[in-house]
Amino acid sequence: MDPVRNPYAPGAGQRPPELAGRDRELKQFEVVLERVARGRPERSMIITGLRGVGKTVLLNTFRSMAMQRLWGTGKIEARPDQSIRRPVASALHMAVRELAPRHRAPDRIEGFLGVLKAFAQAGPEEDAKGKARVHRWQPGIDVPASRGRADSGDLEIDLTELLTDAASVATDVGAGIALFVDEMQDVPADDVSALCAACHELSQSGGPLIVVGAGLPHLPAVLSASKSYSERLFRYTRIDRLDRASADVALLAPAEREDVTFTQDALDALYGAADGYPYFVQAYAKVAWDVAPDTPITVDDVKVAAPEAESELAVGFFGSRYERATPAERDYMRAMAALGDDPVPTAAVAEELGRKPSSLSPARDGLIKKGLIYSAERGLVAFTVPHFGDFLRSQPA
């Protein structure tokens with residue numbers, strides 16, 4: 001069939017043609033938006049799940065929902081060892097710019113932008129020689145930096161003051177602000193603590209500003225380790241693979257808009273291959289469409305498509321991650337894979353490798369930092385990528 005008309009989209013964070021199986025989460029966020037709009041107390045929101053289940057897609061959909069309500073929005077993607085000070089400044093700058101045309105007092109906007117500029121420039125940064133120096137970054141704000149507000153250099157104090165002021169601007173125009181944080185598990189520990197403290201202050205004051213984070217399954221533990229009250233501070237939502245009905249909708253709805261359909265046997269085979277994971281659903285369906293000579297797409301088409309889809313996943317989805325690991329880290333992952341697909345005890349990994357557990361800490365910590373594994377609970381580790389164990393077991397030793 002015509003590959004140009006192929007509706008499937010196996011891309012990183014790319015919205016699928018049919019966002020199936022996420023109605024519950026969308027309704028939850030709709031409630032959050034409505035409660036904030038009515039001045040009701042509401043918690044910020046955290047989405048967790050493995051790689052490829054659609055966290056970024058859902059985060060972007062939430063952002064679109066907030067924008068439709070004329071909220072100010074900004075989004076950042078956290079990176080290991082990078083302070084969130086500068087990214088948050090850029091995101092809030094964008095959010096307030098969206099609100100500014102509706103504000104009746106331009107001086108209030110300028111006052112906030114002065115605070116924002118001071119916040120962005122307050123923290124130290126390292127130069128090429130690793131020496132701390134004052135921020136020279138200019139966030140495109142043509143107002144002088146304010147003094148005495150959000151510029152102490154202590155991120156917890158500064159972020160709390162900045163978010164409070166941003167919420168005040170949103171209140172002026174009868175709207176809200178939503179700050180979206182992707183890969184939230186990568187926010188440095190001190191910055192996580194500061195962000196939780198700022199959200200705590202906002203929850204007490206009732207300001208119309210929420211933080212919506214997305215991250216790997218251990219993100220709740222990261223937040224809890226930073227502030228004990230984080231368990232009550234956020235509304236937690238775990239997303240996983242699609243059930244059979246939702247996976248079928250994800251396949252059939254976009255195809256039928258192109259006057260194409262699947263046989264029941266083809267749907268059975270695709271669900272078996274993709275195991276309900278949204279990224280895999282898109283990946284297998286895209287290749288099945290391309291190899292099928294005509295509609296309906298049959299089980300024979302899926303059988304022809306499967307090796308090509310698996311080859312593409314082996315390079316782009318699994319292989320690219322595997323290549324980031326050091327030889328010692330690869331040995332650790334292969335040992336995990338040999339023990340099965342469920343979370344495995346770190347002691348069992350050490351036994352599989354014939355090593356002492358303490359000697360494997362650098363490899364384990366390196367893999368966690370790279371987002372390849374996570375600590376499901378104390379003493380247990382698991383892959384962040386579904387079917388990664390299968391991929392590793394298929395690789396030559």
Side-chain angles (χ1 to χ4, degrees), residues 9 12-78 88 91-92 94-96 98-99 163 166-167 170-171 173-185 187 195-196 198-200 202-203 205-217 219-220 222-223 230-243 245-246 249-250 253 278-279:
Q14 190 170 355
R15 184 185 173 104
E18 185 72 23
L19 186 59
R22 301 298 182 228
D23 291 346
R24 180 177 65 90
E25 291 77 18
L26 296 176
K27 288 177 181 177
Q28 282 181 342
F29 191 63
E30 188 68 42
V31 168
V32 170
L33 292 175
E34 186 63 28
R35 284 180 60 83
V36 173
R38 296 186 182 191
R40 303 282 186 178
E42 189 51 81
R43 292 171 292 174
S44 290
M45 196 167 179
I46 299 294
I47 309 163
T48 63
L50 297 174
R51 302 284 185 198
V53 296
K55 299 184 300 296
T56 301
V57 168
L58 198 54
L59 204 66
N60 291 337
T61 303
F62 286 171
R63 186 179 183 186
S64 295
M65 292 167 65
M67 292 174 70
Q68 287 171 8
R69 286 176 168 263
L70 301 180
W71 280 39
T73 67
K75 182 184 172 186
I76 71 173
E77 182 176 319
V88 164
L92 286 180
M94 179 178 294
V96 171
E98 292 172 359
L99 299 179
L163 295 189
T171 300
V173 297
I177 287 176
L179 174 64
F180 297 90
V181 185
D182 205 359
E183 302 293 349
M184 195 172 180
Q185 75 282 340
V187 176
L195 188 58
C196 286
C199 289
H200 193 211
L202 282 168
S203 70
S205 64
L209 190 153
I210 58 172
V211 174
V212 185
L216 294 173
L219 175 56
V222 170
L223 295 171
S230 69
E231 296 169 358
R232 292 160 286 144
L233 190 61
F234 298 100
R235 178 196 291 258
Y236 292 95
T237 299
R238 173 79 180 263
I239 62 173
D240 205 340
R241 70 187 79 185
L242 301 175
D243 60 28
S246 297
V249 169
Y279 185 89

E231, CD atom: more than 12 neighbouring heavy atoms under 6.0 Å: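 At most 12 heavy atoms, drawn from other residues, nucleotides or ligands, come within 6.0 Å of this atom.
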Atom CZ of R238 with >12 non-hydrogen neighbours under 6.0 angstrom: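 Yes, because the 6.0 Å sphere around CZ of R238 holds more than 12 heavy atoms from other groups.
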Shortest non-hydrogen contact from [X] toward [Y]:
{"X": "A20", "Y": "S246", "value": "CB-O, 3.3 Å"}
{"X": "E25", "Y": "M45", "value": "O-CE, 4.3 Å"}
{"X": "A9", "Y": "P17", "value": "N-CD, 4.3 Å"}
{"X": "L99", "Y": "A175", "value": "CD2-CB, 4.0 Å"}
{"X": "C199", "Y": "S44", "value": "SG-OG, 4.3 Å"}
{"X": "T237", "Y": "R24", "value": "CG2-NH2, 4.2 Å"}

Taking [X] for the side chain and [Y] for the main chain, is one N or O donor matched with an acceptor at less than 3.5 Å?
{"X": "K55", "Y": "L50", "value": "yes"}
{"X": "E18", "Y": "V249", "value": "no"}
{"X": "E42", "Y": "R35", "value": "no"}

Residue pair I46, L219: steps toward the side chain to side chain contact (heavy atoms under 4.5 Å, CB included) verdict: CA-CA 9 Å; I46 299 294; L219 175 56; 3.5 Å; yes
All ring-ring contact (aromatic ring centres under 6.0 Å, His included) counterparts of F180, not counting sequence neighbours: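 ring-ring contact (aromatic ring centres under 6.0 Å, His included) check on F180 returns nothing, list empty.
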Using 0.5 Å steps for rounding, measure from the [atom1] atom of [X] to the [atom2] atom of [Y].
{"X": "F62", "Y": "I210", "atom1": "CZ", "atom2": "CD1", "value": "9.5 Å"}
{"X": "L19", "Y": "L26", "atom1": "CG", "atom2": "CG", "value": "6.0 Å"}
{"X": "F234", "Y": "T48", "atom1": "CZ", "atom2": "OG1", "value": "12.5 Å"}

Stepwise salt bridge (Lys or Arg N to Asp or Glu O under 4.0 Å) test for E183 and R51: CA-CA 10 Å; E183 302 293 349; R51 302 284 185 198; 2.9 Å; yes
Please examine the side chains of [Y] and [X], heavy atoms only from C-beta on, and report whether any two atoms are closer than 4.5 Å.
{"X": "T61", "Y": "F29", "result": "no"}
{"X": "L59", "Y": "V181", "result": "no"}
{"X": "I47", "Y": "Q28", "result": "no"}

Partner set under side-chain hydrogen bond (donor to acceptor under 3.5 Å, both in side chains) for E30, not counting sequence neighbours: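 With neighbours one apart ignored, the set is R69.
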